[in-house]
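Residue numbers start from 1 in every chain, and the chains themselves are labelled A, B, ... in the order their sequence lines are given, proteins ahead of strands.
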Amino acid sequence: MLAEKYPEEVKQILGRYPPEQKRSAVMPLLFMAQREEGFVNKEAKHEIASMLDISETEVASIIGFYTLYHAKKEGKYRFQVCNDLPCALRGADKFLEGLCDKLGVQVGETTNDGFVTIETVMCLAACDKVPMFQTQSPNGIKYYENMTIDKTMELIEVLKMADKEVK
Amino acid sequence: MAHILLRHREIPRINEIDIYEKNGGFKAFKQAVKNMEPTEVTAVVKDSSLRGRGGAGFPTGMKWSFIDNNSWPHYVVANADESEPGAFKDRELIESNPFQFLEGMAISSYAVGANIAYIYIRGEFWELTATLDEKIAEMEKLGYLGNKLFGSDYSLKIYTHLGAGAYICGEETALLESLEGKRGLPRVRPPFPPSFGLYGKPTVVNNVETFANVPLIIDKGADWFKSIGTPDSAGVKIFSLSGRIRKPGNYELPFGTTFRELIYEHGGGIIEGRPVKAIMAAGASSSMILVDDKVLDTPIDYASVRKLGADLGSASVIVIDDTVSIDWVINKTLNFFEHESCGKCTPCREGTYWMQHLSQSIHAGNKRKQDVDLLYNVAKQMQNKCLCALGEFATMAVVTGIERFPQDFNLEVRE
Ligand SMILES: Cc1cc2nc3c(=O)[nH]c(=O)nc-3n(C[C@H](O)[C@H](O)[C@H](O)COP(=O)(O)O)c2cc1C
Ligand code: SF4
Ligand code: FES
């Protein structure tokens, strides 16, 4: 339960909006819910709906509308590579293809160990630092810019190591 | 000329509050609250001719003067959604010169009588937002935000609000819906936000770069500001330069700088010294400008770019060289718009879907004249029928690309 696990933070989030407009808190609360498993599970959906006096269907429609909310589990780290027009003009598609080859997956797929999912995303406001991607994980969102395939493979190893230590 | 907005290029640690203070920071906000009436502040901004930097170029002071004083409370909202393909200027401002942006927001809030202001910032700027929250907390600690500022009766709180990946939330009414905790679907306008905005209350929405101009306008005056730029467009603009350019990046230059200077002097010219074929001046939403010497020598401001059959928008300049085929460019822009259409109105929802599919098959090698004609016609039919500007944006590159680069679609060159 979010309210039990993060009582101070929940209070602080609700405090940003007028009391009669508390449904404004739905977006920050959904981000909070994703800290657990990288997606919004049923329990969190239910809790957020009742906390904000809106229906679970409404919460679900919000999860569906925004690309950074997820309704189901994927790889622990989503590697979201930008291959929108400005990045593609500087070789992003080639980078993406090379990375997929190296990992033995296609866009949208997850590596066998369940650690990395490769996705493509639209412009991330980093068009001068191509190739670039962001990672989305329970730990939040992080940018990686001016990347190479080798540097990306190293990053994956580092993330795996950190993951083992936590476990 | 020293930078006005990207001041960290000369003062590297201006993102630290004491350095910002030492360089004249918060002087304008203090001056406004202590010595000026809110309407006086708006009058100075109006007189400066500052135009909104988020895309539409609407006069900022005029927008503030539209705030409805018969309905309260008032809100100020910063649009930090920055999701136009090719735009990355607000991100640099927030990262490297955050206090100037925040001070501009604070001055604007004072001018329109808002005691609460929100920064709607795209969810991908997650780490940046954590830092921005710290900057806001530092301002509170030093008495630049909070209750009864500078011994006056004026109080102000600023909060960040993360978006979650939706380009449409950059459109100001969709942004407000999203901030209210709903799906980001644009509202029917009018009414406009200065009369019916956040929670139905009068609201001023401005772009990050717009706000960043405000402290210096109050500090140095409207005449100083108007002495920079062109009569049509006062001040400087941050150009996000991307695409087939040697040195992509943000360049702050006065309005009136030519495309030639931007591309060759600042951007270092084209990769491998190739010729420029096309310019998209407003990111993926642009018309395709067919480049010749006349275009390169055009001084960039809102009016001059319009004369080239295009819009300046947020000045996200994507440069395309002769190695790139325009049918591929159009396909890329349509992938974007098909993905980002919010689906609220039929012409845009269906139109972007069909255009994306047609352009995909055209690009895959099936350049049949009837398919290209159909693509062109779908785009034409969408124009003026959509609820918000996104639908219109989706057609710009398609229509102008086919009209101005027919050879890239195996069509005969039209005279
Ligand atoms: C589809 C769409 C996306 C937009 N995205 C942004 C954006 O990311 N940032 C922004 O400041 N304005 C964006 N705008 C423009 C806003 O609607 C609005 O005009 C602007 O925030 C007003 O601020 P300004 O007057 O300071 O430019 C967008 C408009 C549309 C139609
Ligand atoms: S034009 Fe497109 S993005 Fe705008 S409201 Fe209609 S469907 Fe949504
Ligand atoms: S297109 Fe990739 S970051 Fe802008």
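- No side-chain heavy atom of A:K94 sits under 4.5 Å from any side-chain heavy atom of A:E97.
- Contacts of A:Q21 with chain B are made by both backbone and side-chain atoms, with heavy-atom separations under 4.5 Å.
- Between B:T173 and the options B:S178, B:C388, B:P186, a side chain to side chain contact (heavy atoms under 4.5 Å, CB included) holds for only B:P186.
- Geometrically, B:K332 does not engage B:F336 in a cation-pi contact, judged by NZ or CZ lying under 6.0 Å from the ring centre and within 45° of the ring axis.
- We find that B:K277 and B:D408 are joined by a salt bridge, their nearest charged nitrogen and carboxylate oxygen being less than 4.0 Å apart.
- Of the options B:E82, B:E209, B:E252, a side chain to side chain donor-acceptor pair (under 3.5 Å) to B:K89 is made by B:E209 and by none of the others.
- In terms of non-hydrogen atom pairs under 4.5 Å with chain A, the most contact-rich of B:I245, B:I320, B:D321 is B:I245.
- For a residue to count as touching a neighbouring chain, one of its non-hydrogen atoms must lie under 4.5 Å from one of that chain's; by this rule B:I168 touches chain A with the side chain only.
- Only the side chain of B:V324 has a heavy atom closer than 4.5 Å to any heavy atom of chain A.
- Between chain B and the residues A:S24, A:A126, A:P18, the largest count of heavy-atom pairs under 4.5 Å involves A:S24.
- In this structure, chain A has a heavy atom under 4.5 Å from the side chain of B:I318, while its backbone stays farther away.
- Contact count versus chain A (heavy atoms, under 4.5 Å) is highest, among B:M280, B:H339, B:R122, for B:R122.
- When A:Q80, A:M122, A:E20 are compared by the number of non-hydrogen pairs under 4.5 Å with chain B, A:M122 comes out ahead.
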With side chain to side chain donor-acceptor pair (under 3.5 Å) as the test, would you mind laying out the steps for B:Y167 and B:S285 before giving the verdict?
CA-CA 12 Å; B:Y167 169 68; B:S285 302; 3.2 Å; yes

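- Counted by atom type alone, A:Q12 and A:E8 present zero donor-acceptor pairs between their side chains at under 3.5 Å.
- Contact count against chain A (heavy-atom pairs under 4.5 Å) is highest for B:R183 among B:R183, B:R244, B:H161.
- Taking the six-membered ring for Trp and the full ring otherwise, B:Y199 and B:Y75 have centroids separated by under 6.0 Å.
- Top candidate by heavy-atom pairs under 4.5 Å with chain B, chosen from A:V121, A:N83, A:V130, is A:N83.
- B:E84 touches chain A through its backbone: at least one of N, CA, C or O sits under 4.5 Å from a heavy atom, while the side chain does not.
- In this structure a side-chain-to-backbone donor-acceptor pair under 3.5 Å is missing from A:R78 to A:S137.
- Contacts of B:A87 with chain A are made by backbone atoms alone, with heavy-atom separations under 4.5 Å and no side-chain atom involved.
- Ranking B:K247, B:E180, B:E92 against chain A, the residue ahead of the rest is B:E180, based on heavy-atom pairs under 4.5 Å.
- With a 4.5 angstrom heavy-atom cutoff, B:Y159 touches chain A only via side-chain atoms.
- Between B:V205 and B:Y120 the shortest side-chain heavy-atom distance does not fall below 4.5 Å.
- Only the side chain of B:Y118 has a heavy atom closer than 4.5 Å to any heavy atom of chain A.
- Side chains of A:K76 and A:D163 form a contact here, defined as non-hydrogen atoms less than 4.5 Å apart.
- If you measure heavy-atom distances from B:R91 to chain A, the contacts under 4.5 Å come from the side chain alone.
- Both the sub-6.0 Å distance and the 45° axial angle are not jointly satisfied by B:R187 relative to the ring of B:F196.
- Across B:S316, B:A130, B:S242, B:G283, the residue that shares the most heavy-atom pairs under 4.5 angstrom with chain A is B:S242.
- For B:T323, no part lies near chain A; criterion is any non-hydrogen pair under 4.5 Å.
- Per-residue heavy-atom pair counts under 4.5 Å with chain A were compared for B:G184, B:C342, B:S240, and the maximum is reached by B:G184.
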